[in-house]
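These notes are about the structure you will find just below.
Here is the naming used below: chain letters follow the sequence lines, and residue numbers restart at 1 for every chain.
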Amino acid sequence: MSSSSPPTTTDEFIKGLWRENPVFVQVLGMCPTLAVTNSAVNAVAMGLATTFVLVMSNLAISAIRRFVPKQVRIVTYILLIATFVTVVDYAIAAISLPLHKALGAFISLIVVNCIILGRAEAFAGKNPILPSLADGLGMGIGFTGALLTLGVVREVLGMGTLFGVALFPAAFQPWVIMVLPAGGFFTLSAWMLVFNALRRRQRALSEPA
Amino acid sequence: MSAPSPALAMTRTLVGAGVVCGFLIVVAYELTAPIIQENRIEARQAAVFEVLPGAVATATFQLQADGSLQAVPDETTAGDLVFAGYDAQGGLVGAALEAQGMGYQDTIRLIYGYSFDKDAIIGIKVLESRETPGLGTRVETDPVYQANFDALDVSLDAAGQALANPIEAVGAGKKQHPWQVDCITGATISSKAIANMLGTSAAKWMPAIAARPEALARPEGAHVQ
(Lines give C-alpha, C1' and ligand atoms only; values in the text may rest on other atoms or scores of the structure.)
Protein backbone atom coordinates (compact mmCIF):
# COMPACT_ATOMS: atom_id res chain seq x y z
CA MET A 1 0.00 0.00 0.00
CA SER A 2 1.40 3.34 -1.00
CA SER A 3 -0.70 5.63 1.21
CA SER A 4 0.71 6.30 4.67
CA SER A 5 -2.59 7.04 6.47
CA PRO A 6 -4.35 4.02 8.05
CA PRO A 7 -6.96 2.43 5.77
CA THR A 8 -10.56 3.59 6.26
CA THR A 9 -13.63 1.40 6.29
CA THR A 10 -14.28 2.38 2.66
CA ASP A 11 -10.77 1.22 1.74
CA GLU A 12 -11.47 -2.14 3.38
CA PHE A 13 -14.59 -2.43 1.24
CA ILE A 14 -13.01 -1.37 -2.03
CA LYS A 15 -9.88 -3.50 -1.84
CA GLY A 16 -11.85 -6.73 -2.36
CA LEU A 17 -13.45 -5.43 -5.53
CA TRP A 18 -10.27 -4.85 -7.48
CA ARG A 19 -6.85 -4.50 -5.83
CA GLU A 20 -7.15 -7.66 -3.73
CA ASN A 21 -9.89 -9.38 -5.72
CA PRO A 22 -10.20 -12.89 -4.25
CA VAL A 23 -10.36 -14.67 -7.60
CA PHE A 24 -8.17 -12.68 -9.97
CA VAL A 25 -5.53 -11.44 -7.53
CA GLN A 26 -5.50 -13.78 -4.53
CA VAL A 27 -6.49 -16.78 -6.71
CA LEU A 28 -8.55 -18.24 -3.89
CA GLY A 29 -11.77 -20.26 -4.06
CA MET A 30 -10.89 -21.88 -7.38
CA CYS A 31 -13.14 -24.90 -6.79
CA PRO A 32 -16.50 -23.05 -6.96
CA THR A 33 -15.02 -20.57 -9.45
CA LEU A 34 -14.38 -23.32 -11.96
CA ALA A 35 -17.24 -25.60 -11.05
CA VAL A 36 -20.44 -23.57 -10.84
CA THR A 37 -19.77 -20.80 -13.35
CA ASN A 38 -21.27 -22.76 -16.24
CA SER A 39 -24.23 -20.37 -16.24
CA ALA A 40 -24.72 -16.78 -15.15
CA VAL A 41 -27.56 -17.63 -12.74
CA ASN A 42 -25.49 -20.29 -10.98
CA ALA A 43 -22.56 -17.88 -10.74
CA VAL A 44 -24.65 -15.12 -9.15
CA ALA A 45 -26.38 -17.51 -6.73
CA MET A 46 -23.08 -19.03 -5.67
CA GLY A 47 -21.54 -15.57 -5.29
CA LEU A 48 -24.40 -14.28 -3.16
CA ALA A 49 -24.44 -17.39 -0.97
CA THR A 50 -20.70 -17.04 -0.41
CA THR A 51 -21.07 -13.30 0.28
CA PHE A 52 -23.71 -13.99 2.94
CA VAL A 53 -21.51 -16.57 4.64
CA LEU A 54 -18.48 -14.30 4.37
CA VAL A 55 -20.24 -11.29 5.88
CA MET A 56 -21.89 -13.27 8.68
CA SER A 57 -18.74 -15.17 9.61
CA ASN A 58 -16.63 -11.99 9.52
CA LEU A 59 -19.14 -10.26 11.79
CA ALA A 60 -19.41 -13.14 14.24
CA ILE A 61 -15.68 -13.79 14.36
CA SER A 62 -14.84 -10.13 14.78
CA ALA A 63 -17.39 -9.85 17.60
CA ILE A 64 -15.97 -12.77 19.59
CA ARG A 65 -12.30 -12.32 18.68
CA ARG A 66 -11.30 -11.25 22.22
CA PHE A 67 -12.91 -14.29 23.88
CA VAL A 68 -11.49 -17.02 21.68
CA PRO A 69 -8.23 -18.56 22.94
CA LYS A 70 -5.79 -18.72 20.04
CA GLN A 71 -5.35 -22.52 20.35
CA VAL A 72 -8.97 -23.16 19.39
CA ARG A 73 -9.61 -20.24 17.04
CA ILE A 74 -9.58 -22.23 13.79
CA VAL A 75 -12.03 -24.80 15.17
CA THR A 76 -14.33 -22.04 16.37
CA TYR A 77 -14.16 -20.25 13.02
CA ILE A 78 -14.96 -23.43 11.10
CA LEU A 79 -17.86 -24.18 13.43
CA LEU A 80 -19.35 -20.73 12.81
CA ILE A 81 -18.73 -20.90 9.06
CA ALA A 82 -20.33 -24.35 8.83
CA THR A 83 -23.37 -23.04 10.69
CA PHE A 84 -23.92 -20.16 8.29
CA VAL A 85 -23.42 -22.48 5.32
CA THR A 86 -26.10 -24.82 6.67
CA VAL A 87 -28.45 -21.86 7.07
CA VAL A 88 -27.76 -20.78 3.46
CA ASP A 89 -28.29 -24.35 2.26
CA TYR A 90 -31.77 -24.46 3.84
CA ALA A 91 -32.58 -20.95 2.62
CA ILE A 92 -31.71 -21.73 -1.01
CA ALA A 93 -33.77 -24.94 -0.90
CA ALA A 94 -36.69 -22.90 0.44
CA ILE A 95 -36.30 -20.15 -2.18
CA SER A 96 -35.84 -22.36 -5.23
CA LEU A 97 -35.42 -26.13 -5.48
CA PRO A 98 -34.16 -26.02 -9.10
CA LEU A 99 -31.44 -23.56 -8.07
CA HIS A 100 -30.55 -25.76 -5.11
CA LYS A 101 -30.31 -28.66 -7.51
CA ALA A 102 -28.12 -26.72 -9.96
CA LEU A 103 -25.62 -25.72 -7.28
CA GLY A 104 -25.63 -29.25 -5.88
CA ALA A 105 -22.77 -30.21 -3.60
CA PHE A 106 -21.07 -26.84 -4.01
CA ILE A 107 -23.28 -25.14 -1.43
CA SER A 108 -22.01 -27.42 1.33
CA LEU A 109 -18.50 -26.94 -0.01
CA ILE A 110 -18.63 -23.22 0.82
CA VAL A 111 -17.44 -24.37 4.27
CA VAL A 112 -14.04 -25.19 2.85
CA ASN A 113 -13.85 -22.18 0.53
CA CYS A 114 -10.50 -20.74 1.53
CA ILE A 115 -11.65 -17.16 0.96
CA ILE A 116 -13.88 -17.39 4.01
CA LEU A 117 -11.43 -18.95 6.44
CA GLY A 118 -8.75 -16.75 4.87
CA ARG A 119 -10.62 -13.54 5.67
CA ALA A 120 -11.50 -14.83 9.15
CA GLU A 121 -7.89 -15.56 9.99
CA ALA A 122 -6.26 -12.65 8.12
CA PHE A 123 -8.75 -9.92 8.91
CA ALA A 124 -11.85 -10.51 11.07
CA GLY A 125 -9.89 -12.17 13.88
CA LYS A 126 -7.79 -9.04 14.30
CA ASN A 127 -10.10 -6.12 13.46
CA PRO A 128 -13.22 -4.44 14.88
CA ILE A 129 -16.70 -5.21 13.63
CA LEU A 130 -17.25 -2.38 11.13
CA PRO A 131 -14.06 -2.86 9.08
CA SER A 132 -14.67 -6.64 9.18
CA LEU A 133 -18.15 -6.12 7.79
CA ALA A 134 -16.75 -3.89 5.01
CA ASP A 135 -14.00 -6.40 4.30
CA GLY A 136 -16.47 -9.32 4.05
CA LEU A 137 -18.87 -7.36 1.88
CA GLY A 138 -16.10 -6.15 -0.46
CA MET A 139 -14.55 -9.59 -0.83
CA GLY A 140 -18.00 -11.14 -1.34
CA ILE A 141 -18.99 -8.68 -4.03
CA GLY A 142 -15.56 -9.01 -5.65
CA PHE A 143 -16.02 -12.79 -5.67
CA THR A 144 -19.57 -12.55 -7.06
CA GLY A 145 -18.39 -10.16 -9.79
CA ALA A 146 -15.54 -12.48 -10.74
CA LEU A 147 -17.87 -15.49 -10.91
CA LEU A 148 -20.30 -13.48 -13.01
CA THR A 149 -17.63 -12.51 -15.55
CA LEU A 150 -16.83 -16.20 -15.96
CA GLY A 151 -20.47 -17.32 -15.92
CA VAL A 152 -21.53 -14.84 -18.60
CA VAL A 153 -18.78 -15.87 -21.02
CA ARG A 154 -19.31 -19.59 -20.44
CA GLU A 155 -23.09 -19.45 -20.75
CA VAL A 156 -23.08 -17.28 -23.87
CA LEU A 157 -20.53 -19.44 -25.69
CA GLY A 158 -21.48 -22.81 -24.21
CA MET A 159 -25.27 -22.60 -24.41
CA GLY A 160 -25.95 -19.56 -26.58
CA THR A 161 -28.05 -17.99 -23.81
CA LEU A 162 -27.63 -15.33 -21.12
CA PHE A 163 -29.58 -15.73 -17.89
CA GLY A 164 -31.57 -18.37 -19.78
CA VAL A 165 -32.55 -16.02 -22.64
CA ALA A 166 -31.50 -17.23 -26.10
CA LEU A 167 -29.11 -14.77 -27.76
CA PHE A 168 -28.38 -16.34 -31.10
CA PRO A 169 -30.48 -17.73 -33.95
CA ALA A 170 -31.10 -21.47 -33.82
CA ALA A 171 -28.26 -22.07 -36.29
CA PHE A 172 -25.69 -21.20 -33.60
CA GLN A 173 -23.80 -24.31 -32.55
CA PRO A 174 -22.96 -23.94 -28.82
CA TRP A 175 -19.37 -24.67 -27.80
CA VAL A 176 -20.22 -27.42 -25.35
CA ILE A 177 -16.66 -27.44 -24.02
CA MET A 178 -17.28 -24.04 -22.40
CA VAL A 179 -19.82 -25.46 -19.93
CA LEU A 180 -17.60 -28.44 -19.17
CA PRO A 181 -14.81 -28.13 -16.57
CA ALA A 182 -12.16 -27.50 -19.25
CA GLY A 183 -14.07 -24.41 -20.40
CA GLY A 184 -13.82 -23.06 -16.87
CA PHE A 185 -10.03 -23.19 -17.02
CA PHE A 186 -9.95 -21.55 -20.46
CA THR A 187 -12.25 -18.73 -19.38
CA LEU A 188 -10.45 -18.16 -16.09
CA SER A 189 -7.06 -17.95 -17.75
CA ALA A 190 -8.39 -15.59 -20.42
CA TRP A 191 -9.86 -13.26 -17.78
CA MET A 192 -6.69 -13.39 -15.71
CA LEU A 193 -4.73 -12.36 -18.76
CA VAL A 194 -7.02 -9.36 -19.23
CA PHE A 195 -6.94 -8.38 -15.54
CA ASN A 196 -3.19 -8.69 -15.24
CA ALA A 197 -2.68 -6.60 -18.38
CA LEU A 198 -5.00 -3.93 -16.98
CA ARG A 199 -3.28 -3.91 -13.60
CA ARG A 200 0.15 -3.68 -15.18
CA ARG A 201 -0.95 -0.72 -17.26
CA GLN A 202 -2.51 0.93 -14.22
CA ARG A 203 0.72 0.50 -12.28
CA ALA A 204 2.82 1.86 -15.13
CA LEU A 205 0.57 4.91 -15.38
CA SER A 206 0.60 5.65 -11.63
CA GLU A 207 4.38 5.46 -11.33
CA PRO A 208 6.21 8.79 -11.74
CA ALA A 209 7.97 9.00 -15.07
CA MET B 1 -11.13 -12.69 39.13
CA SER B 2 -7.98 -14.49 38.09
CA ALA B 3 -7.48 -15.45 34.45
CA PRO B 4 -9.08 -18.84 33.71
CA SER B 5 -6.79 -21.72 32.88
CA PRO B 6 -6.29 -22.23 29.12
CA ALA B 7 -8.09 -25.58 29.23
CA LEU B 8 -11.14 -24.05 30.87
CA ALA B 9 -11.19 -21.10 28.47
CA MET B 10 -10.89 -23.43 25.47
CA THR B 11 -13.66 -25.72 26.67
CA ARG B 12 -15.90 -22.76 27.46
CA THR B 13 -15.38 -21.26 23.99
CA LEU B 14 -16.01 -24.48 22.12
CA VAL B 15 -19.06 -25.51 24.16
CA GLY B 16 -20.47 -21.99 23.93
CA ALA B 17 -19.93 -21.78 20.18
CA GLY B 18 -21.38 -25.28 19.76
CA VAL B 19 -24.55 -24.42 21.66
CA VAL B 20 -25.11 -21.14 19.78
CA CYS B 21 -24.44 -22.75 16.39
CA GLY B 22 -26.68 -25.71 17.18
CA PHE B 23 -29.47 -23.34 18.14
CA LEU B 24 -29.06 -21.31 14.93
CA ILE B 25 -29.21 -24.43 12.78
CA VAL B 26 -32.34 -25.69 14.53
CA VAL B 27 -34.06 -22.31 14.07
CA ALA B 28 -33.14 -22.20 10.36
CA TYR B 29 -34.34 -25.78 9.91
CA GLU B 30 -37.65 -25.19 11.66
CA LEU B 31 -38.31 -22.04 9.65
CA THR B 32 -37.49 -23.51 6.24
CA ALA B 33 -38.65 -27.15 6.60
CA PRO B 34 -42.36 -26.52 5.80
CA ILE B 35 -41.48 -24.32 2.78
CA ILE B 36 -38.98 -26.88 1.46
CA GLN B 37 -41.58 -29.61 1.91
CA GLU B 38 -44.12 -27.57 -0.07
CA ASN B 39 -41.54 -26.94 -2.83
CA ARG B 40 -40.80 -30.66 -3.01
CA ILE B 41 -44.46 -31.60 -3.41
CA GLU B 42 -44.91 -28.90 -6.06
CA ALA B 43 -41.81 -30.13 -7.92
CA ARG B 44 -43.08 -33.70 -7.68
CA GLN B 45 -46.47 -32.77 -9.14
CA ALA B 46 -44.83 -30.78 -11.93
CA ALA B 47 -42.63 -33.81 -12.65
CA VAL B 48 -45.67 -36.12 -12.84
CA PHE B 49 -47.17 -33.94 -15.59
CA GLU B 50 -43.81 -33.88 -17.33
CA VAL B 51 -43.31 -37.66 -17.44
CA LEU B 52 -46.92 -38.33 -18.39
CA PRO B 53 -47.52 -36.21 -21.51
CA GLY B 54 -51.21 -35.52 -22.02
CA ALA B 55 -52.10 -35.70 -18.33
CA VAL B 56 -53.99 -32.69 -16.95
CA ALA B 57 -54.85 -34.03 -13.49
CA THR B 58 -53.12 -36.26 -10.99
CA ALA B 59 -53.98 -38.19 -7.85
CA THR B 60 -51.77 -39.95 -5.33
CA PHE B 61 -52.24 -43.60 -4.35
CA GLN B 62 -50.51 -45.70 -1.73
CA LEU B 63 -49.73 -49.39 -2.03
CA GLN B 64 -51.15 -51.20 1.00
CA ALA B 65 -49.73 -54.27 2.71
CA ASP B 66 -52.44 -56.44 1.13
CA GLY B 67 -51.46 -55.26 -2.37
CA SER B 68 -54.43 -52.93 -2.85
CA LEU B 69 -54.08 -49.27 -3.90
CA GLN B 70 -55.66 -46.57 -1.78
CA ALA B 71 -56.10 -42.89 -2.70
CA VAL B 72 -54.23 -40.63 -0.25
CA PRO B 73 -53.82 -36.83 0.02
CA ASP B 74 -51.27 -35.24 -2.33
CA GLU B 75 -49.18 -34.04 0.63
CA THR B 76 -48.32 -37.62 1.58
CA THR B 77 -44.58 -38.15 1.43
CA ALA B 78 -43.97 -41.48 3.14
CA GLY B 79 -44.75 -44.98 1.98
CA ASP B 80 -45.02 -46.66 -1.42
CA LEU B 81 -46.67 -43.99 -3.56
CA VAL B 82 -47.87 -44.05 -7.13
CA PHE B 83 -49.12 -40.96 -8.94
CA ALA B 84 -51.83 -41.53 -11.53
CA GLY B 85 -52.21 -39.06 -14.42
CA TYR B 86 -55.59 -38.39 -16.10
CA ASP B 87 -56.53 -36.69 -19.36
CA ALA B 88 -59.26 -34.07 -19.70
CA GLN B 89 -61.95 -36.77 -19.96
CA GLY B 90 -60.79 -38.41 -16.72
CA GLY B 91 -59.23 -41.38 -18.51
CA LEU B 92 -56.01 -42.84 -17.11
CA VAL B 93 -52.95 -41.68 -19.07
CA GLY B 94 -50.39 -43.55 -17.05
CA ALA B 95 -48.74 -43.88 -13.68
CA ALA B 96 -45.73 -42.03 -12.34
CA LEU B 97 -43.45 -43.68 -9.80
CA GLU B 98 -40.54 -42.57 -7.71
CA ALA B 99 -37.22 -44.39 -7.74
CA GLN B 100 -34.01 -43.68 -5.96
CA GLY B 101 -30.55 -45.12 -5.73
CA MET B 102 -26.92 -44.32 -5.20
CA GLY B 103 -25.36 -42.15 -7.90
CA TYR B 104 -21.75 -41.03 -8.15
CA GLN B 105 -21.71 -38.78 -5.07
CA ASP B 106 -25.07 -39.07 -3.38
CA THR B 107 -28.55 -40.50 -3.77
CA ILE B 108 -30.33 -39.72 -7.04
CA ARG B 109 -34.11 -39.41 -6.74
CA LEU B 110 -36.22 -39.44 -9.86
CA ILE B 111 -39.75 -39.88 -11.08
CA TYR B 112 -40.64 -41.96 -14.14
CA GLY B 113 -43.79 -42.31 -16.17
CA TYR B 114 -45.33 -45.67 -17.09
CA SER B 115 -47.80 -46.02 -19.94
CA PHE B 116 -50.34 -48.84 -19.66
CA ASP B 117 -50.93 -48.73 -23.44
CA LYS B 118 -47.28 -49.13 -24.37
CA ASP B 119 -46.43 -51.27 -21.31
CA ALA B 120 -43.25 -49.19 -21.15
CA ILE B 121 -41.49 -46.40 -19.28
CA ILE B 122 -42.16 -43.24 -21.31
CA GLY B 123 -40.08 -40.59 -19.54
CA ILE B 124 -37.93 -39.78 -16.52
CA LYS B 125 -37.33 -36.60 -14.56
CA VAL B 126 -34.56 -36.29 -11.97
CA LEU B 127 -35.85 -34.67 -8.78
CA GLU B 128 -32.69 -34.63 -6.72
CA SER B 129 -29.07 -35.33 -7.48
CA ARG B 130 -25.62 -34.16 -6.55
CA GLU B 131 -23.88 -35.49 -9.62
CA THR B 132 -20.82 -33.70 -11.02
CA PRO B 133 -21.94 -30.63 -12.99
CA GLY B 134 -21.15 -31.06 -16.67
CA LEU B 135 -20.51 -34.82 -16.36
CA GLY B 136 -23.00 -36.77 -14.22
CA THR B 137 -25.67 -34.12 -14.75
CA ARG B 138 -25.75 -35.09 -18.42
CA VAL B 139 -28.21 -37.86 -17.49
CA GLU B 140 -30.73 -35.01 -17.29
CA THR B 141 -29.74 -33.09 -20.40
CA ASP B 142 -28.27 -35.52 -22.94
CA PRO B 143 -30.95 -36.04 -25.63
CA VAL B 144 -29.49 -39.39 -26.72
CA TYR B 145 -29.64 -40.70 -23.15
CA GLN B 146 -33.12 -39.30 -22.61
CA ALA B 147 -34.25 -41.13 -25.76
CA ASN B 148 -33.66 -44.39 -23.85
CA PHE B 149 -36.81 -43.55 -21.94
CA ASP B 150 -39.12 -42.83 -24.87
CA ALA B 151 -40.34 -46.41 -24.63
CA LEU B 152 -38.30 -48.57 -22.25
CA ASP B 153 -39.87 -52.00 -22.22
CA VAL B 154 -41.03 -53.20 -18.78
CA SER B 155 -43.57 -55.83 -19.83
CA LEU B 156 -44.17 -58.72 -17.44
CA ASP B 157 -43.46 -62.40 -18.02
CA ALA B 158 -46.23 -64.96 -18.54
CA ALA B 159 -46.80 -65.43 -14.79
CA GLY B 160 -47.12 -61.67 -14.30
CA GLN B 161 -44.85 -61.65 -11.26
CA ALA B 162 -41.57 -60.39 -12.75
CA LEU B 163 -40.29 -58.37 -15.70
CA ALA B 164 -39.99 -60.47 -18.85
CA ASN B 165 -36.62 -58.81 -19.49
CA PRO B 166 -34.89 -57.00 -16.63
CA ILE B 167 -33.77 -53.47 -17.51
CA GLU B 168 -30.14 -53.64 -18.50
CA ALA B 169 -27.46 -50.94 -18.81
CA VAL B 170 -25.20 -51.32 -21.85
CA GLY B 171 -22.26 -49.31 -23.21
CA ALA B 172 -22.91 -46.19 -25.26
CA GLY B 173 -24.44 -47.01 -28.65
CA LYS B 174 -24.82 -50.74 -27.88
CA LYS B 175 -28.58 -50.73 -27.26
CA GLN B 176 -30.28 -53.48 -29.30
CA HIS B 177 -33.42 -54.33 -27.33
CA PRO B 178 -36.17 -52.07 -25.99
CA TRP B 179 -35.31 -53.01 -22.39
CA GLN B 180 -31.69 -51.90 -22.67
CA VAL B 181 -30.35 -48.48 -21.63
CA ASP B 182 -27.50 -46.88 -23.57
CA CYS B 183 -25.09 -45.35 -21.05
CA ILE B 184 -23.18 -42.08 -21.51
CA THR B 185 -19.43 -42.17 -22.02
CA GLY B 186 -17.95 -39.96 -19.29
CA ALA B 187 -20.98 -40.37 -17.05
CA THR B 188 -21.03 -44.14 -16.84
CA ILE B 189 -21.69 -44.37 -13.10
CA SER B 190 -24.58 -41.90 -13.12
CA SER B 191 -26.21 -43.31 -16.24
CA LYS B 192 -25.86 -46.90 -15.00
CA ALA B 193 -27.23 -45.89 -11.60
CA ILE B 194 -30.41 -44.60 -13.21
CA ALA B 195 -30.87 -47.78 -15.25
CA ASN B 196 -30.37 -49.86 -12.10
CA MET B 197 -32.80 -47.89 -9.96
CA LEU B 198 -35.42 -48.04 -12.72
CA GLY B 199 -34.86 -51.80 -12.92
CA THR B 200 -35.31 -52.27 -9.17
CA SER B 201 -38.36 -50.04 -8.99
CA ALA B 202 -40.05 -51.50 -12.07
CA ALA B 203 -39.44 -55.07 -10.86
CA LYS B 204 -41.30 -54.19 -7.68
CA TRP B 205 -44.06 -52.01 -9.09
CA MET B 206 -45.01 -53.51 -12.44
CA PRO B 207 -46.44 -56.74 -10.98
CA ALA B 208 -48.46 -54.56 -8.58
CA ILE B 209 -50.03 -52.15 -11.08
CA ALA B 210 -49.50 -53.18 -14.72
CA ALA B 211 -52.38 -55.67 -14.84
CA ARG B 212 -54.95 -53.46 -13.14
CA PRO B 213 -55.20 -49.89 -14.32
CA GLU B 214 -58.77 -49.86 -12.95
CA ALA B 215 -57.35 -49.69 -9.39
CA LEU B 216 -56.05 -46.21 -10.30
CA ALA B 217 -59.41 -44.82 -11.47
CA ARG B 218 -59.73 -41.06 -10.97
CA PRO B 219 -60.89 -40.32 -7.42
CA GLU B 220 -62.80 -37.24 -6.22
CA GLY B 221 -60.61 -34.17 -5.85
CA ALA B 222 -57.74 -35.09 -8.17
CA HIS B 223 -55.17 -32.29 -8.41
CA VAL B 224 -55.71 -30.38 -11.66
CA GLN B 225 -52.72 -28.79 -13.42
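Neither the backbone nor the side chain of B:Gln37 comes within contact range of chain A; no heavy atoms are under 4.5 Å apart. For a residue to count as touching a neighbouring chain, one of its non-hydrogen atoms must lie under 4.5 Å from one of that chain's; by this rule B:Ala17 touches chain A with backbone and side chain alike. Contact annotation for A:Phe67: only backbone heavy atoms (N, CA, C, O) come within less than 4.5 Å of a heavy atom of chain B. Contact of B:Leu31 with chain A is not made at all, since no heavy-atom distance falls under 4.5 Å.
Other residues, nucleotides and ligands place no more than 12 heavy atoms under 6.0 Å from the OH atom of B:Tyr104. Within a 6.0 Å sphere centred on CZ of A:Phe163, other residues, nucleotides and ligands contribute more than 12 heavy atoms. By the neighbour-count criterion of 12 heavy atoms within 6.0 Å, atom CZ of A:Phe172 is densely surrounded, having more than that number from other residues, nucleotides or ligands. Applying the 6.0 Å contact sphere to NZ of B:Lys192 captures no more than 12 heavy atoms from other residues, nucleotides or ligands. A:Phe52 CZ: more than 12 foreign heavy atoms inside a 6.0 Å radius. Atom CH2 of A:Trp18 is surrounded by more than 12 heavy atoms from other residues, nucleotides or ligands within 6.0 Å. Within a 6.0 Å sphere centred on CZ of A:Phe168, other residues, nucleotides and ligands contribute more than 12 heavy atoms.
Heavy-atom pairs under 4.5 Å with chain B were tallied for A:Leu80, A:Ile95, A:Val72; the largest tally goes to A:Val72. Highest contact tally toward chain A, considering only B:Leu127, B:Thr13, B:Ile35, is held by B:Thr13 [criterion: heavy-atom pairs under 4.5 Å].
With hydrogens and angles disregarded, no donor-acceptor distance shorter than 3.5 Å links the side chain of B:Asn39 to the backbone of A:Leu97.
Among A:Thr86, A:Thr76, A:Leu79, A:Val87, the one residue that satisfies the side-chain contact (heavy atoms from CB on, under 4.5 Å) test with B:Cys21 is A:Leu79.
Taking CE of A:Met159 as the start and OG1 of B:Thr141 as the end, the distance is 9.5 Å to the nearest 0.5 Å. Between the CE atom of B:Met10 and the NZ atom of A:Lys70 there is a distance of 9.0 Å, given to the nearest 0.5 Å. Residue A:Asp89 holds its CG atom at 10.5 Å from CD1 of B:Ile25, rounded to the nearest 0.5 Å.
Closest heavy-atom contact between A:Gln71 and B:Pro6: NE2-CB, 4.3 Å.
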